[in-house]
Amino acid sequence: MIKKYYLLSPGPTPVPETVLAKGALPIIHHRTKEFSDLFMEMTEGMKYVFQTKNDVYTLTSSGTGAMETAVTNLLSKGDKAIVVNGGKFGERWAQICNVYGVEVVEIKIEWGEVLSPSKLEEVLKDNPETKAVFTQLSETSTGVVYDVKGFAEVVSKTDAVLVVDGISGLGATPCPMDEWGVNVLLTGSQKSLMIPPGLAFISFDDKAWKLVETSNLPKYYFDMKKAKKSIGKRTTPYTPAVSLVYQQLEALKIIKEQTIDGIIEHHRILGDATRAAVKAIGLELFAKAPGNILTSVKTPEGIDGKELVNIMQKKYSAYISGAQDPMKGKFFRIAHLGYMGGFDVIIAISALEMVLADLGFNVELGKGVAAAENVLRREWK
Ligand SMILES: *Cc1c(COP(=O)(O)O)cnc(C)c1O
């Protein structure tokens, strides 16, 4: 069989053909009016995605660069921060804080579980000197979507700022920055934003900007005071990834055409179809609060989860994702994120059924596919 590649992971995600084509355009110089016009048009588009009036800064890095930017630009040596840690990416917040000498109060959540805003409120009460609360919108390692609206409500009553890692979640599940009062929101380009890896975006509200002005943690490349000065001159402090800017502008056309609510609804439908299929096959969901981004599925008894993912990738060229350490093999993750359509769900579920049959699991071929088809037929607009 020809190895046709099916990218079904929660990042990187497939890139639309029209967006890919933009990457082949000649590079223009970035210190020109021509580029500034494109850059500012993209910035405006990102403000729409973030649902904010604040500036959105473009970083040339993967998403983690924006996470590091948030820590180094908001905090000072010895500051205290609360980290919501329910998976790999929550853990990353704690690691970045530790590197920079920030004192971390970790709220450890079991993988797949959620955190109630009232529990966060308790921890804030116990730690009144907290400067920032770091969380994910979508904890991509488990598939859980957190109650960021609820978090924002409790954090807003304190002097702390709420910093939300929206990488994977923003643009697939609701997170209107201004309406919910999220103080800092950030994302990366290779997930819901439908372009290749390499750009990150971050926005600060006024409460957060006050911290930026006094922060003394070391920073050079990711200094947001420089970024603010530059955006006033319609540019970036250093050479931007020109091709990725072309591509993001093109992908924003699709997002604007669908509207932000429309694109979130699209992801909701794909998520519902995937979950219906998984249940019809007789499997269990892993996440307690599964969302629009990905569906994490418990590996059934008697099946080797690592082998399942391995066969899926090697034999069927369907690149779903396994679970990361320390949960390797215990569940697997099927994404329905970014430039994926209804038939991508069918591919994922069909491949899953075939792998389960290969591994000797008692599965009726087509049962999950039919369940997904029924959701898609009903909801397809
Ligand atoms: C992918 C992801 C990251 C890491 O982003 P990189 O682009 O790999 O640096 C961080 N947080 C979340 C929630 C993610 O999904």
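Atoms within each ligand, like the ligands themselves, are counted from 1 in listed order. Keep in mind the model is a prediction, meaning the values are calculated, not measured.
In this structure, Y319 has its ring center at least 6.0 angstrom away from the ring center of Y6.
Electrostatic pairing of K125 and E122 does not count as a salt bridge here, judged by no charged N lying under 4.0 Å from a carboxylate O.
Hydrophobic side-chain contacts under 4.5 Å tie W111 into a cluster, directly or through other members, with F286, M327, F331.
Residue pairs meeting the ring pair (Phe, Tyr, Trp, His ring centres under 6.0 Å) criterion with at least one partner in residues 176-209, sequence neighbours excluded, are F204-W209. For residues 284-294, the side-chain hydrogen bond (donor to acceptor under 3.5 Å, both in side chains) pairs, not counting sequence neighbours, are E113-K288, E284-K298.
Residue L137 is grouped with residue I260 when hydrophobic side chains (ILVMFWY) are merged at heavy-atom distances under 4.5 angstrom, including chains of intermediate members.
For a heavy-atom separation below 4.0 Å, the residues in contact with ligand 1 are S62, G63, T64, M67, F89, R92, Q136, S138, T140, D165, I167, S168, Q190, K191.
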